[in-house]
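These notes concern the structure reproduced below.
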Number of protein chains: 2
Amino acid sequence: MSKVLKNDHTEETLFEVAEFFKVLGDPTRIKIVSALFENGELCVNDIVNLVDVTRTAVSHQLRILKDKRIISYRKEGQMKFYHLDDAHVEVIVLLTITHLSHH
Amino acid sequence: MSKVLKNDHTEETLFEVAEFFKVLGDPTRIKIVSALFENGELCVNDIVNLVDVTRTAVSHQLRILKDKRIISYRKEGQMKFYHLDDAHVEVIVLLTITHLSHH
DNA sequence: TTAATAAGTGAGCAAGTGTTCACATATTAA
DNA sequence: TTAATATGTGAACACTTGCTCACTTATTAA
C-alpha cells in the first residue's frame, strides 16, 4: 500500500518560479532591486554609485530586469528613472531577508 | 542640491539573499522543494518519480539543497527521507507563485 | 553644427552550472 | 559471503552567464 504523491504545481508554474528566482539570484541584480525599493526611483547614474559596478554592467542588468518585467522606467530629458514594476517583489525580498536573518 | 540615497541593506546581506534565490532559481531544485512541501517528507526514489530527472541528477541537487540548509533528511534503514529544513521557504515560494499568477 | 552628457548594445571571453557516465558506499536479504 | 537495493560521488563536457571593451544612440548645451 503506497501513499499517493501530491504534485499540484504544474511543471510550467514551477519553471516560471525558477526563472523569477534566477533573475533575483545575482548580486548585482538584487542590489539594483534593493536600491530601487529603498529609494523608490533612481536614474542610472545613481544606481551605478549605489551598486558599485560599471555603467555598462548596470545597463546589461537593467535590461534583464526590464525584460523580466521586474522594473520599468520613466524618461525625463536624457535621463531614465527606473522603479520596481510590482510591489510584491519588495515583499518577497524583505521576507527573505527576515528569513535569512534567523539563519 | 542632491537627495541622499538610501543604502540600508549591507553588501553581505544582499549577497546572501542572492545566494538563496540562486539555489531556488533552478527548475530541478524548485521542483524538489515544491514536492517536499507538498508531501512533507519523501525518499529519493519518490523525488525522482515526481521530478522526472535521473537519480544521479537528483542526488547532486539534493546535496546542494542540503549544503545550503534548505533541506535535511532522516535515515530509515537504507532509505533517506528528505524534508524542508524551514517552513519559511514554503511561504516564500507560495507567495512567489501567487505573485506570478497575477503576472 | 559641434561637443558634452546619459544611457545602451554586441562581441568576446573567463568562470560557473547542471547533466551524464562510470564507479563507490551502505544496508538488507538470500 | 554474495547479491540486490538505495543512494552518493567525481570527472568530463556542453551550455550558460556576467563582465569588459569598443562602439552607438539620444538628448541637450554651446
Side-chain angles (χ1 to χ4, degrees), chain A residues 2-3 5 11 14-36 39 41-68 70-83, chain B residues 2-3 5 11 14-36 39 41-68 70-83:
Chain A
S2 72
K3 247 190 296 185
L5 301 176
E11 180 99 11
L14 293 174
F15 187 83
E16 283 168 15
V17 172
E19 276 295 293
F20 176 80
F21 284 141
K22 190 185 284 183
V23 175
L24 297 184
D26 170 79
T28 301
R29 287 192 294 267
I30 198 74
K31 280 194 265 178
I32 292 173
V33 167
S34 167
L36 289 177
N39 294 281
E41 198 180 52
L42 292 170
C43 67
V44 176
N45 196 54
D46 285 345
I47 295 173
V48 168
N49 290 330
L50 281 176
V51 163
D52 198 36
V53 290
T54 64
R55 268 172 182 73
T56 304
V58 166
S59 262
H60 282 300
Q61 300 308 336
L62 286 174
R63 191 188 210 301
I64 291 171
L65 289 165
K66 186 167 65 66
D67 287 351
K68 293 283 157 60
I70 288 173
I71 62 175
S72 310
Y73 64 83
R74 163 178 78 81
K75 212 176 169 191
E76 193 178 306
Q78 60 201 8
M79 290 163 85
K80 285 179 179 173
F81 289 91
Y82 281 89
H83 57 87
Chain B
S2 71
K3 248 190 291 185
L5 300 176
E11 180 99 11
L14 293 175
F15 188 83
E16 282 169 15
V17 172
E19 275 295 294
F20 176 80
F21 284 142
K22 192 186 284 185
V23 176
L24 298 183
D26 170 78
T28 300
R29 288 192 294 267
I30 198 72
K31 279 192 266 179
I32 292 173
V33 167
S34 166
L36 289 177
N39 294 282
E41 198 178 51
L42 291 170
C43 66
V44 177
N45 196 54
D46 285 344
I47 295 174
V48 168
N49 290 329
L50 280 175
V51 163
D52 197 37
V53 291
T54 65
R55 264 168 184 74
T56 305
V58 165
S59 261
H60 282 298
Q61 300 308 335
L62 286 173
R63 192 187 208 302
I64 291 171
L65 289 166
K66 186 168 65 66
D67 287 351
K68 293 284 157 60
I70 289 173
I71 62 174
S72 308
Y73 64 83
R74 164 179 78 81
K75 211 177 169 189
E76 193 179 306
Q78 57 201 10
M79 287 162 88
K80 287 180 178 171
F81 288 91
Y82 282 88
H83 56 88

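Residue numbers start from 1 in every chain, and the chains themselves are labelled A, B, ... in the order their sequence lines are given, proteins ahead of strands.
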- Query: If an axis is fit to five pairs at each end of the helix from C/dT1-D/dA30 to C/dA30-D/dT1, what is the angle between the two, to the nearest 10°?
  - Reply: 10°
- With side chains defined as the heavy atoms from C-beta onward, is the minimum distance between A/Asp67 and A/Arg63 less than 4.5 Å? yes
- Message: Run the salt bridge (Lys or Arg N to Asp or Glu O under 4.0 Å) test against A/Asp52 and tell me which residues pass, sequence neighbours left out.
- Response: none
- Message: Need two values: the first and the last nucleotide of DNA chain D, 5' to 3', having an atom under 4.0 Å from any heavy-atom of chain A.
- Response: D/dT17 to D/dT28
Heteroatom pairs (N/O) under 3.5 angstrom, protein to nucleotides 12-17 of chain C:
none

- Under the side chain to side chain donor-acceptor pair (under 3.5 Å) rule, collect the residues that match up with A/Asn45, sequence neighbours excluded. A/Arg55
Please write out the pairs of protein N or O atoms and N or O atoms of nucleotides 6-8 of chain C separated by less than 3.5 Å, giving the distance to one decimal.
from, atom 1, to, atom 2, distance (Å)
C/dA7, OP1, A/Val44, N, 3.3
C/dA7, OP1, A/Lys80, N, 3.4
C/dA7, OP2, A/Asn45, N, 3.1
C/dG8, OP1, A/Tyr82, OH, 2.3
C/dG8, OP2, A/Ser59, OG, 3.1

- Pairs where residues 70-82 of chain A contributes a residue and the test side chain to side chain donor-acceptor pair (under 3.5 Å) is met, not counting sequence neighbours: A/Glu41-A/Arg74, A/Ser72-A/Asp85, A/Arg74-A/Glu76
- Note on the structure: Sorted by chain and number, sequence neighbours left out, side chain to side chain contact (heavy atoms under 4.5 Å, CB included) with A/Thr54 holds for A/Thr56, A/Ala57
Could you list the donor-acceptor pairs under 3.5 angstrom formed by side chains in residues 16-30 of chain A, with sequence neighbours left out?
from, atom 1, to, atom 2, distance (Å)
A/Asp26, OD2, A/Thr28, N, 3.1
A/Asp26, OD2, A/Arg29, N, 3.1
A/Arg29, NE, A/Val23, O, 2.6
A/Arg29, NH1, A/Gln61, OE1, 2.7
A/Arg29, NH2, A/Lys22, O, 3.4

- Item | side chain to side chain contact (heavy atoms under 4.5 Å, CB included) between A/Leu42 and A/Asn39, intermediate numbers included | CA-CA 7 Å; A/Leu42 292 170; A/Asn39 294 281; 3.7 Å; yes
- Nearest nucleotide by nearest heavy atom, which residue falls closer to the 5' end of DNA chain D, A/Gly25 or A/Lys75? A/Gly25
